[in-house]
Asks: 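After the structure tokens below, expect a handful of questions from me.
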Amino acid sequence: MTERALASAPEPHSQPDDSAMLKAVGYAATHSFSKLKRFEFLRAPAQANEVELEVLFCGVCHSDIHQVKNEWSNTVYPCLPGHEIVGRITRTGASVTRHRVGDLVGVGCMIDSCGSCAPCRSGDQNYCEGPNSWLATYNGPMVPAAKAPGKANTYGRDNTFGGYSNNLVVKEDFLLKIPSGIPAAVAAPILCAGVTTYSPLKHWGVTAGMKVGIVGLGGLGHLACKLAQAMGAQVTAFTRTPDKLDDAGRLGIAAVLETDRQAMEPLKSSFDFILSTVPEKHDINPYIELLKRDCTLCIVGALEPMEPVNNAQVAFHRKQVAGSLIGNLADTQEVLDFCARHGIGPDIEVIGIDDINDAYDRIEKGEVRFRYVIDMATLG
Ligand SMILES: [Zn+2]
Ligand SMILES: [Zn+2]
């Protein structure tokens with residue numbers, strides 16, 4: 001299962017010739033300062049344990065922007081993002097048993113993992129310790145061959161093309177079922193934003209009555225508020241943007257401006273769990289002070305070095321500062337089902353693929369208080 005740009009030379013190892021390949025079209029960036037543009041390419045057809053799907057909707061995640069702009073210094077170009085994908089199965093491989101043609105399915109951040117390391121054996125594919133770690137839905141394996149032990153290339157691929165496209169080929173084990181209670185476009189962001197926030201809420205045992213803080217009220221943050229609230233927690237959102245206080249009000253959530261000392265002071269030592277969803281380096285010290293003894297602040301938004309932590313605050317009250325990365329396949333299915341059961345989901349705005357570059361600009365300016373979802377029918 002590999003992709004290649006049209007008119008490029010076939011790779012040396014065994015691949016179907018072009019006539020057997022699936023024609024695909026999507027939007028990709030060719031270098032770190034290029035806009036996303038229409039891009040035609042070929043996908044290898046489904047093998048026995050894979051399915052082909054028509055992509056219907058794809059959510060726009062902040063990490064798509066980081067990746068397109070090479071802000072994590074690991075982008076492989078061309079970069080065709082998209083890992084919040086909802087589609088309909090158009091063909092199944094011979095040994096596929098769990099899905100049928102016509103099924104509405106989801107694909108999140110992963111399309112494969114080593115399957116044999118300790119995390120994979122215990123169902124945590126998202127923490128795969130195989131030589132190339134997990135295979136991301138776009139931008140190839142998390143550990144590229146050049147950086148892998150012995151230059152291993154266990155997936156035989158160095159780049160993958162994601163969901164900003166008309167079709168996708170995925171192993172059946174990495175497909176999620178979209179519950180009938182959620183509209184397809186609304187389900188898309190649950191596949192990354194949903195599980196990224198649900199997984200730590202579950203892991204750190206958030207239950208009814210707990211006091212939970214959510215830092216940041218963007219794509220991840222607003223969904224985290226809804227999930228924690230549906231779990232029965234007493235939720236407070238923290239933001240640096242005064243306008244977002246109203247957004248929190250609409251979600252029925254108490255909100256506090258981080259810079260409002262008078263409002264922050266009485267909240268000290270009162271929270272059971274705090275989740276930070278801010279997508280870049282920020283100061284978490286004001287939030288560590290808000291935790292009760294023995295409680296945890298988990299960071300899911302920023303994947304980079306953070307401002308230094310004052311360990312006096314951490315040590316004196318035996319607090320924990322933690323991180324969490326997306327979620328495993330079981331948690332992804334669980335959060336989809338949880339959202340359907342509770343009638344919740346992200347606030348979305350559906351856009352055409354032509355709007356994608358403008359959408360990136362607005363997300364980067366922090367103007368967006370919902371999730372953009374691309375209607376892939378607009379690819380034409
Ligand atoms: Zn994402
Ligand atoms: Zn593994």
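Numbers here are sequence positions counted from 1. Atoms within a ligand are numbered from 1 in the order they appear, just like the ligands themselves.
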Asks: To the nearest 10 degrees, calculate the angle at the Zn ion (ligand 2) involving SG of C114 and SG of C120.
Replies: 120°
Asks: Using a distance threshold of 2.8 Å, state whether an N, O or S atom of H62 lies below it from the Zn ion (ligand 1).
Replies: no
Asks: Within C192, is some N, O or S atom less than 2.8 Å away from the Zn ion (ligand 1)?
Replies: yes
Asks: Using a 4.5 Å cut-off on heavy atoms from C-beta on, say whether the side chain of H31 contacts that of F33.
Replies: yes
Asks: Is the side chain of T236 donor-acceptor paired with the backbone N or O of G213 at a distance under 3.5 Å, no angle test?
Replies: no
Asks: Shortest non-hydrogen contact from I111 to V170?
Replies: CG2-CG1, 4.0 Å
Asks: Just to confirm my numbers, could you give the angle made at the Zn ion (ligand 1) by NE2 of H83 and SG of C61, rounded to 10°?
Replies: 120°
Asks: Identify the heavy atoms of S116 and R121 that sit nearest to each other, and give their distance.
Replies: O-NH1, 2.6 Å
